[in-house]
Amino acid sequence: MKQAPLQDATLEALAAHVFAEIRALSPDSAGVSRPAFSGIETKVLDWLAEFARAEGLCVEEDAGRNLLFCLPEHAGAARWVLIGSHVDSVPMGGNYDGLAGVVAGLMVLIRAARGGRGLARPVKCLAMRGEESAWFGACYLGSKMLTGQLPAEELAAPHRGDGRSLAAHLEDLGIDTAPLAARQPICDLDRIEEYLELHIEQGPLLVERGLPAAVVSGIRGNFRHRLIRCIGQAGHSGAVPRAYRHDPVLAFAELMHRLDDTWDHLLRTGRDLVLTSGIVGTDAQSHAIARIPDMLGFSLDIRSQETAVLAQMRDYLRDQMDDIARSRGVRFDTGPEVAVAPALMDPDVIARLEAAMARSTGAAFTMASGGGHDAAVFAQAGIPSGMVFVRNRNGSHNPEEAMDLADFMVGTSILSAYLGGEE
């Protein structure tokens, strides 16, 4: 059934309608599930295409079976600003992570169309497939495909459900995998002037500061160890004096205390850093209340926008491990490191987004992104990129995402002001 245009609806009501309809298309036992490169993802894209056409927008599909929306007068543009995000979700996730960026792009276009006033530059809104790592074990698949940055091992990565490769799932959708295997871009990157992305904040900063939105300065890079083993010596909890212990638990605690002190110092001196040990435990097969454990395993995730800070923390971590190993008679086995470089947003784009935010809200606020986003992939492909965060309670990747539509509309107003479409 064809959708009727909702010409009498306010933009906020129109956005609420889109979010509600797509939530209804992708329910799970909790929250929503829109698997990457799935039939559900295709169904969502089909609904968005009908909605956009009903609102008078042009719709096209690219070589990755993503959708692009634009005003009719920009359909034949030689170059454009690209604005959008992804439509897939994690299993039993929230409805706004990714989707909010697509809806924001649509609202910017519809605001311009309804106002009878063209945008300062041609703009296309991208509704993209495949950002979440939950389905094939690797993230940003859609944007890597577009920009020619998809590694061979990710093209061969198995799906978490059926075990078939990403390449097989793409071929099911009729996507030509030959250019992907050759690491060739499947879009003309020279035609993209800039990439803009609105996203819900995935942490509490905007909630704590009482702000509806922010400009993003950059996306933190990181180095991570999935399993560091601190190896000591087992012993009886009551029989081994402190001086003779080789206790991995106390060694781990001392390491984390030192890392936390350094984190605090770097923040106080204006540097950017976050660190987390999200997995900690002794061996469940052998640990006991009366036993000094012989091993403790833990993960470590260290993130910063600053390459120099990451290098400093990498050296500091090894120095502290060596020092604690000597003083406590233990050994640290870090296992392999997984690293991602920081992705700074374009300085000129940041400045103009800050000016647009000041015009829209009275004051600008800029912050770093701790989570990764497709904007990082476009930035690494050499495309000037920028992001806007919208306040969101309860984090993301869970059914409790809580973005207020009023805040969302502030975010879209910032983008419209930036693009010359403010009312």
Side-chain angles (χ1 to χ4, degrees), residues 2-7 9 11 14-15 17-18 22 41-42 44-87 98-129 142-143 145-147 185-199 349 352-353 356 374-375 378 381 383-388 408-409 411-423:
K2 292 292 182 183
Q3 299 173 20
L6 303 175
Q7 299 291 354
L11 286 175
L14 195 65
H17 168 72
V18 175
I22 292 180
E41 189 186 58
T42 297
V44 167
L45 290 170
D46 289 345
W47 189 95
L48 287 169
E50 283 196 31
F51 167 80
R53 291 189 184 101
E55 288 294 326
L57 302 179
C58 291
V59 181
E60 60 181 294
E61 186 177 77
D62 69 12
R65 297 212 59 194
N66 308 295
L67 293 184
L68 291 159
F69 313 102
C70 67
L71 299 175
E73 59 266 35
H74 294 157
R79 303 189 75 215
W80 54 81
V81 176
L82 191 61
I83 175 174
S85 194
H86 60 97
V87 300
L99 181 61
V102 177
V103 179
L106 287 169
M107 293 304 110
V108 167
L109 294 176
I110 293 169
R111 172 184 274 140
R114 290 187 177 187
R117 180 179 180 180
L119 298 164
R121 294 177 287 169
V123 174
K124 293 194 176 185
C125 171
L126 173 66
M128 191 165 29
R129 295 177 181 266
S143 52
M145 288 164 56
L146 285 172
T147 58
I186 59 171
C187 68
D188 188 346
L189 299 180
D190 290 336
R191 301 182 73 180
I192 303 173
E193 289 186 2
E194 297 170 358
Y195 176 80
L196 301 176
E197 183 171 0
L198 178 145
H199 203 280
V349 175
R352 287 186 283 133
L353 281 172
D374 289 306
F378 284 95
I383 296 169
S385 298
M387 288 192 73
V388 171
F408 171 76
M409 294 311 299
T412 64
S413 294
I414 293 168
L415 293 173
S416 286
Y418 175 91
L419 293 164
E422 67 268 41
E423 295 172 346

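All heavy atoms count here, side chains included; hydrogens, waters and symmetry mates do not.
Taking Arg191 as the reference, nothing meets the salt bridge (charged side-chain N to carboxylate O under 4.0 Å, His left out) condition, with sequence neighbours excluded. For the side chain to side chain contact (heavy atoms under 4.5 Å, CB included) test, residues two or more places apart in sequence or in another chain that qualify with Pro122 are His74, Ala77, Trp80.
Counting heavy atoms from C-beta on, the side chains of Glu197 and Asp374 come closer than 4.5 Å. A heavy-atom distance below 4.5 Å is not found between the side chains of Leu126 and Phe69. The closest side-chain heavy-atom distance from Val44 to Glu41 is not below 4.5 Å. Between Val87 and Leu48 the shortest side-chain heavy-atom distance falls below 4.5 Å. Residues Met145 and Arg129 fail the side-chain proximity criterion, which asks for heavy atoms closer than 4.5 Å. Using a 4.5 Å cut-off on side-chain heavy atoms (C-beta onward), Leu196 and Val349 make contact. Between Ile192 and Cys187, the closest side-chain pair of non-hydrogen atoms falls below 4.5 Å.
A donor and an acceptor atom, one from each side chain of Arg65 and Thr42, are nowhere located under 3.5 Å apart.
Smallest separation of non-hydrogen atoms from Ile414 and Ala356: O-CB, 3.5 Å. Of all the heavy atoms in Met128 and Leu146, the pair that sits closest is SD-CD1, 3.8 Å. Nearest heavy-atom pair across Ala113 and Leu71 is CB-CD2, 3.8 Å. Ala375 and Tyr195 make their closest contact through CA-CE2, 3.6 Å (heavy atoms, listed as atom of the first residue, atom of the second, distance).
When each of Leu106, Ile110, Thr412, Val108 is tested with Leu11 by the rule side-chain contact (heavy atoms from CB on, under 4.5 Å), just one qualifies, namely Ile110.
For the pair Ser385 (side chain) and Ile383 (backbone), a donor-acceptor distance under 3.5 Å is present. In this structure a side-chain-to-backbone donor-acceptor pair under 3.5 Å is missing from Ser416 to Ser413.
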